[in-house]
A.B. asks: 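Take a look at the following structure, please.
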There are 2 protein chains.
Amino acid sequence: MANASIKDVAASAGVSVATVSRVLNSHPSVRPDTRERVMAAVEALGYRPNGVARSLRTDQTRTLGLVISDVMNPYFTELARSVEDEARAHGYSVIIGNADEQPALQDHHIRSLLDRRIDGLLVSPTDGGSPVMLDAVRAGTPMVFVDRWLPGVDVPVVRADGRAAIRELVAHLHALGHRRLAIIAGPASTTTGSERVEAFREALAEHGLPLPDAYIGHGDFRAGSGHRETTRFLALAEPPQVIFAADNLMALGAMDALRASGLRIPHDIGLAAFDDIPWFVHTDPPVTAIAQPTAELGRTAVRALIDRIEGRTPQSAALPARLVIRRSCGEPAPPFRTENRSNR
Amino acid sequence: MANASIKDVAASAGVSVATVSRVLNSHPSVRPDTRERVMAAVEALGYRPNGVARSLRTDQTRTLGLVISDVMNPYFTELARSVEDEARAHGYSVIIGNADEQPALQDHHIRSLLDRRIDGLLVSPTDGGSPVMLDAVRAGTPMVFVDRWLPGVDVPVVRADGRAAIRELVAHLHALGHRRLAIIAGPASTTTGSERVEAFREALAEHGLPLPDAYIGHGDFRAGSGHRETTRFLALAEPPQVIFAADNLMALGAMDALRASGLRIPHDIGLAAFDDIPWFVHTDPPVTAIAQPTAELGRTAVRALIDRIEGRTPQSAALPARLVIRRSCGEPAPPFRTENRSNR
DNA sequence: ATCCTCCATGTAATCGATTCCATGCGGTCC
DNA sequence: GGACCGCATGGAATCGATTACATGGAGGAT
């Protein structure tokens, strides 16, 4: 019952293994009747080429590695899904490594993927750049950063540019009369952690508003930290009027904390989030959020990586994010631009 | 800059490749000083064994395949995560295949995983059993079904038993005075599709309630079908008082439809779901749901699969699900047993 | 008829590891 | 001192594919 090998096919068809291989790879110089005999033998034996052997010989696995910081985060789930879709369209498989925001786990996955000799690596770095990752870059592993990146490392980046959307958000909040705006940021060691704070600060400045240190929450892109920092904000002598969470999980934690403290959104305090996810439509109240073109990011990143693998030189890309206004910061949504539930 | 191979290490350490291999696999009969010399060479060259070559020789990849029907479904995401965690603890990697509820895509992934010579396969079948999957079983591929399974196929199953929880749910609804209860079921070709309807019907019978055909919605585990069937229910001369969706995505669709029709939950109509997910706490209103021991399912399934791979004979397992009462069917939650946001 | 070319196919090397078997050497036992 | 034993190591086969090179035969040009 063991799997048939190319030798068995060759024997059964009365040809050499070379000929079988040629048929399988549709090499032009095989006589039609030979090809047919081989195909018949393949069929009869239920033969399937051994991918491992093939990979060893050809030095390519047609596999991409994707290392993300948290699979349970809907944003990354959607990213992973679009990556797999696009990769499959190009004949590649994807192995996902879940770093769970832990540098050590990220390194484990990178190493393990490299050991498996994946053809290329898509990474959303959890930290400022571990030796393992830097070594991989130096060794010339085809690599593309997605969502987050490492400044100063020569690797193409595919990401969303949230600056304009954050400016829009701040303008929206300002127009609603809010003046004391706080942010729960991600780890400063990640680009998405620091960048969103900077964009927020600049947008505030445009309206002559300050961003005091007390209004900067230091989160870690997990729900717990959103909860903690929100609680801290509420204990302030002058709590903020709106909390902007730099990702959806921290927004969730913030919501928990607000609910626990008995405050009503948006009546007592406003909430907005970076990352839009389907559930934000169904929360109480629906959450105003900045939507990234997630699926497009995944597809673009895969195309860039395949370009690198095949010897071309891909460009970095920054796709625009956009503001989706709902009800969590006050004032009902305007009649247009309300929902966001198209399925891609 | 190409990767060093075992030959390079052997040359650099002045030993044979056999000895290097012995060191790498911590074979006992290598002299300590030799071992040290080899390790030094490994270090100096930054050598990492080629997993592909190793797999070819040893005929094992230390990789598990997981084929699920929908990665974007939080239930499966959590399942995938726990599977990966447990597999990693046993020294295995996981390749996830997303079937997207499409039998053809499921087959694609099974075939592709088999070609890669994964050591074992975890499947949650999308349909009634394709030839590809049946062939894999017949060929003796180590396999375990998780969540859904194929009746009559001799493969261990790890799943949640929702019968008791569904009875509890119906009792709860009955106690609240609801009598006209409808269900949005999954495809009859899946076990979770048909089983939940049966359990629901039996539970209703215990209270002397019927389950008319008109109150059985035929969904496909996707949000769209939940929306469609809910709309159909509402058009009935006598619409149901509570809708029970057989999974979280269809519940989401139902919620959309109810909202669109201007009905308030639970005041005008009740909603309950199979599968509990973190977001159900934050929806408007929080949704009463049946929680599966998802992470435990994943871990148990992996252990069973590894048992099979290593020659033991694992048992099937059915872990109990439990009811989590919130506010979507009326009456505020009792002071105990309200929330459900522990993180594993 | 001779030679050249080209097509279909086979032979064998190769990818990078693991592992069986052979070998040489130092030490023990009688 | 010779036989034997066991340990550390090396040589070479092997896993299942791909592919460069060799080969033989058919057909065309002269």
A.B. asks: Which atoms form the tightest heavy-atom contact between A:T126 and A:A99, and what is the distance?
C.D. replies: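 Looks like OG1-CB, 3.7 Å.
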A.B. asks: Determine yes or no for a side-chain-to-main-chain donor-acceptor pair under 3.5 angstrom, with B:S5 supplying the side chain and B:K7 the backbone.
C.D. replies: yes
A.B. asks: Using 4.0 Å as the upper bound for N to carboxylate O, is an ion pair formed by A:R54 and B:D115?
C.D. replies: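 A:R54 and B:D115: not salt-bridged.
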A.B. asks: OP1, OP2 of C:dC15 versus side-chain N and O of B:K7: anything below 4.0 Å?
C.D. replies: yes
A.B. asks: Expressed in angstrom and rounded to an integer, what is the separation of B:R57 atom CZ from C:dC20 atom P?
C.D. replies: 8 Å
A.B. asks: Mind checking if A:S5 touches a base, just sugar-phosphate, or nothing, with heavy atoms under 4.0 Å?
C.D. replies: sugar-phosphate
A.B. asks: Quick test of your reading of the model: are A:R37 and A:D33 salt-bridged, counting only N-O distances below 4.0 Å?
C.D. replies: no
A.B. asks: Given atom CZ of A:R48 and atom P of D:dA17, what is their separation to the nearest angstrom?
C.D. replies: 12 Å
A.B. asks: Heavy atoms from C-beta onward define the side chain here; which of D:dC15, D:dT18, C:dA17 lies closest to that of B:A53?
C.D. replies: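 The nucleotide sitting nearest to the side chain is C:dA17.
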A.B. asks: Salt-bridge test for A:R111 and A:D107: reply yes if a basic N is under 4.0 Å from a carboxylate O, no otherwise.
C.D. replies: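 A salt bridge is absent here (no side-chain N lies under 4.0 Å from a carboxylate O).
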A.B. asks: Please tell me if A:N50 has a side-chain N or O lying less than 4.0 Å from either OP1 or OP2 of D:dC15.
C.D. replies: no
A.B. asks: Which letter, B, S or -, goes with each nucleotide of nucleotides 5-10 of chain D from 5' to 3', with contact meaning a protein heavy atom under 4.0 Å?
C.D. replies: ---SBB
A.B. asks: Rounding to a whole Å, what distance do you find between A:L56:CG and C:dA17:P?
C.D. replies: 9 Å
A.B. asks: May I ask you to verify if any side-chain N or O of B:R54 is less than 4.0 angstrom from the OP1 or OP2 atom of C:dT18?
C.D. replies: yes
A.B. asks: Mind checking if B:N25 touches a base, just sugar-phosphate, or nothing, with heavy atoms under 4.0 Å?
C.D. replies: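 Contact class for B:N25: sugar-phosphate only.
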A.B. asks: Is there a side chain to side chain donor-acceptor pair (under 3.5 Å) between B:R116 and A:T63 once you walk through the steps?
C.D. replies: CA-CA 10 Å; B:R116 270 155 211 283; A:T63 302; 2.5 Å; yes
A.B. asks: Between the two end axes of the helix from C:dA1-D:dT30 to C:dC30-D:dG1, each built from 5 base pairs, what angle do you get to the nearest 10°?
C.D. replies: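 Helix axis angle between the two ends: 50°.
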A.B. asks: Under 4.0 Å between a Lys/Arg side-chain N and an Asp/Glu carboxylate O for A:R222 and A:D100?
C.D. replies: yes
A.B. asks: Rounded to whole Å, how long is the line connecting atom CD of B:Q60 with atom P of C:dT19?
C.D. replies: 9 Å
A.B. asks: Where do B:M133 and B:P125 come nearest, in terms of heavy atoms and distance?
C.D. replies: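 Nearest pair, atom of B:M133 first, then B:P125: CE-CB, 3.9 Å.
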A.B. asks: What is the distance, to the nearest angstrom, from the CD atom on A:E36 to the C1' atom on C:dA8?
C.D. replies: 16 Å
A.B. asks: Need one value for A:T58: base, sugar-phosphate or nothing, where a base atom within 4.0 Å counts as base even if backbone is also close, heavy atoms only.
C.D. replies: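 The answer is sugar-phosphate, as A:T58 gets under 4.0 Å only of primed atoms, P, OP1 or OP2.
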A.B. asks: Can you name the salt bridge (Lys or Arg N to Asp or Glu O under 4.0 Å) partners of A:R303, sequence neighbours left out?
C.D. replies: A:E86, A:E296
